[in-house]
Amino acid sequence: MFSSHLAPPAAVPASSIPDNMGVKIDFAAFPWMSQLQEWAGGLQATCLIIIGILTVVGIAMFIAGRLSSSQQVQKVSATIILWAFIAGVAIAVIFAFLVWATGFDLGF
C-alpha cells in the first residue's frame, strides 16, 4: 500500500536536464547595480589596505620587541600578523566567491 511512497524517484538522464533554465542575468536591469559593483570593489580595496597597514605595524612591533627583548610585544605582534593574514585570506575568498556567484567586475 505505501510501497510507492517509499520507492526512490525515477532517475532523470543528465542529457534531458537543460544547462540554462532560461534565466538571463542582466546587471543593467536596475540602475543601482553599477553602484553596487563600485561599492563592493571599493570595500574590498579598503579592507585589503587596512590589513596591509596592520601587517606592517605588526612587523614593526615584532622587530621592536625583538630588539628590546620583550616577549610580550613579540607575542602580541605575532598575533596581529596572524590575524591580518587570516583576514586577508578571508576577504580574498569572500570577494572571489562574490565575483564567481554574481559575475560582478570589481575592478581587479
Do [X] and [Y] belong to the same hydrophobic cluster, where Ile, Leu, Val, Met, Phe, Trp and Tyr are linked whenever their side-chain heavy atoms lie under 4.5 Å apart, directly or via other members?
X: I81; Y: L67; value: yes
X: I59; Y: I80; value: no
X: V93; Y: L48; value: no

For [X] and [Y], work out which heavy atoms get closest and say how close.
X: S77; Y: G58; answer: CB-O, 3.3 Å
X: G65; Y: V73; answer: CA-CG1, 3.8 Å
X: Q74; Y: R66; answer: NE2-CA, 3.3 Å

Does a side-chain heavy-atom distance below 4.5 Å link L43 with F95?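 Yes - at least one pair of side-chain heavy atoms lies under 4.5 Å apart.
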Does the side chain of I91 come within less than 4.5 Å of I51's, by heavy atoms?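 With C-beta onward as the side chain, the pair touches.
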Any chance CD of Q71 has more than 12 other-residue heavy atoms, nucleotides or ligands included, within less than 6.0 Å?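 No, because the 6.0 Å sphere around CD of Q71 holds 12 heavy atoms or fewer from other groups.
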